[in-house]
Amino acid sequence: MTEARPLYIETFIRADIERVWRLTQDPELHPHWDLRFSAIQPIGTDDSGRTRFRYERALPFHVIRGDGVSLGEKERADGTRTSALGFSTDDRLSPLRRGRGYWRYIPTGGGVRFITGYDYHPGWGRLADVAMRPVILWMTAWSFDRLRIWAESEDAQPRWRLRSVLALWRAERPRASRCRTTPPPKGAMSHAPETLQEVTIA
């Protein structure tokens with residue numbers, strides 16, 4: 001999609017796959033752990049199972065709004081689950097203009113490997129994206145660790161807010177460094193499901 005390398009984040013969650021699926025697929029719960037979204041509103045599902053939605057990312061003096069489409073696979077022959085997503089916004093203040101990516105859920109003996117790979121067209125141009133892409137990678141990895149902490153607990157809501165990054169004395173706080181961000185040898189998109197081809201937004 002771009003000349004830059006797609007982003008890859010992986011974490012291991014010691015929780016049941018049903019809990020991880022619910023926290024990531026429920027549009028009301030998803031924004032509670034993912035820094036990339038403030039709100040997600042489903043607007044309909046088509047005959048192929050694709051769900052269209054609108055999303056928001058609230059900034060101090062502005063709200064970025066965009067559209068997306070997702071397609072999940074809850075039952076696969078190999079026991080894994082996947083979710084493919086495409087998104088787009090015309091907002092000039094968004095560093096991500098349009099893109100697509102996936103989640104893959106791989107159950108293991110002690111929990112779930114939760115993986116994402118995604119790419120996007122930069123909203124501020126390629127030069128600015130050199131600085132922004134590492135920030136977006138960090139945001140995603142920090143969010144994944146916040147999800148991990150939440151999923152492994154019995155809490156109804158995640159405990160940690162973004163300001164906890166300043167609480168250096170709290171070893172249990174979410175940390176992006178706990179996640180793997182180095183793609184596998186075949187690349188960040190090597191775990192992508194075939195359904196990724198069905199969620200592109202022009």
Side-chain angles (χ1 to χ4, degrees), residues 1-2 4-11 22-43 51-70 83 85-103 114 116-151 153 155-179 181 188 199 201-202:
M1 179 170 290
T2 66
R5 188 174 70 175
L7 302 180
Y8 179 89
I9 299 93
E10 176 179 340
T11 190
R22 185 173 69 87
L23 295 181
T24 55
Q25 294 294 319
D26 188 318
E28 293 186 4
L29 298 177
H30 183 176
H32 285 299
W33 61 267
D34 197 336
L35 288 177
R36 297 169 297 175
F37 299 96
S38 299
I40 299 173
Q41 179 184 5
I43 56 176
T51 298
R52 294 196 172 274
F53 62 90
R54 295 190 176 98
Y55 67 88
E56 296 181 355
R57 171 66 261 182
L59 303 176
F61 303 102
H62 181 71
V63 177
I64 295 170
R65 294 182 172 88
D67 297 291
V69 58
S70 66
S83 182
L85 178 145
F87 62 90
S88 178
T89 180
D90 294 327
D91 195 314
R92 295 182 179 180
L93 293 183
S94 175
L96 285 68
R97 190 56 54 88
R98 62 183 174 89
R100 60 181 182 170
Y102 68 91
W103 288 339
F114 184 52
T116 189
Y118 69 101
D119 199 6
Y120 61 88
H121 286 281
W124 299 344
R126 294 179 181 176
L127 184 60
D129 192 53
V130 172
M132 283 304 304
R133 191 164 284 249
V135 174
I136 295 166
L137 177 68
W138 179 89
M139 289 175 61
T140 309
W142 188 90
S143 297
F144 266 42
D145 200 45
R146 177 160 64 168
L147 168 66
R148 178 193 63 80
I149 294 170
W150 187 16
S153 75
D155 297 335
Q157 297 288 334
R159 304 181 209 171
W160 300 99
R161 300 195 179 211
L162 180 58
R163 61 174 177 264
S164 67
V165 299
L166 302 176
L168 302 181
W169 63 92
R170 300 290 299 274
E172 71 274 25
R173 74 190 189 281
R175 286 185 287 175
S177 60
R178 290 195 182 102
C179 296
T181 56
V199 296
I201 297 181

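- Other residues, nucleotides and ligands contribute over 12 non-hydrogen atoms within 6.0 Å of the CZ atom of Arg36.
- Not one N or O on the side chain of Ser94 forms a donor-acceptor pair closer than 3.5 Å with the backbone of Ile64.
- Distance alone, capped at 3.5 Å, places no donor-acceptor pair between the Thr116 side chain and the Ile9 backbone.
- In plain terms, the two heavy atoms of Thr11 and Cys179 that are nearest each other are CB-SG, 4.0 Å.
- Of the possible polar contacts, none joining the Trp33 side chain to the Trp150 backbone as a donor-acceptor pair under 3.5 Å is found.
- The pair Asp119-Arg133 meets the salt-bridge criterion, with a side-chain N (NZ, NE, NH1 or NH2) lying under 4.0 Å from an Asp/Glu carboxylate O.
- For Thr89 (side chain) and Arg65 (main-chain N/O), a donor-acceptor pair under 3.5 Å exists by modelled atom type.
- Counting heavy atoms from C-beta on, the side chains of His62 and Asp91 come closer than 4.5 Å.
- Heavy-atom neighbours of Gln157 CD from other residues, nucleotides or ligands within 6.0 Å: above the threshold of 12.
- Remark: side-chain polar atoms of Arg98 are not paired, donor with acceptor, to backbone N or O of Asp90 under 3.5 angstrom.
- In terms of modelled atom types and a separation under 3.5 Å, the side chain of Trp103 and the main chain of Phe114 share no donor-acceptor contact.
- Among residues at least two apart or in separate chains, salt bridge (charged side-chain N to carboxylate O under 4.0 Å, His left out) pairs with a member in residues 136-151 are Asp145-Arg148, Asp145-Arg178, Arg148-Glu152.
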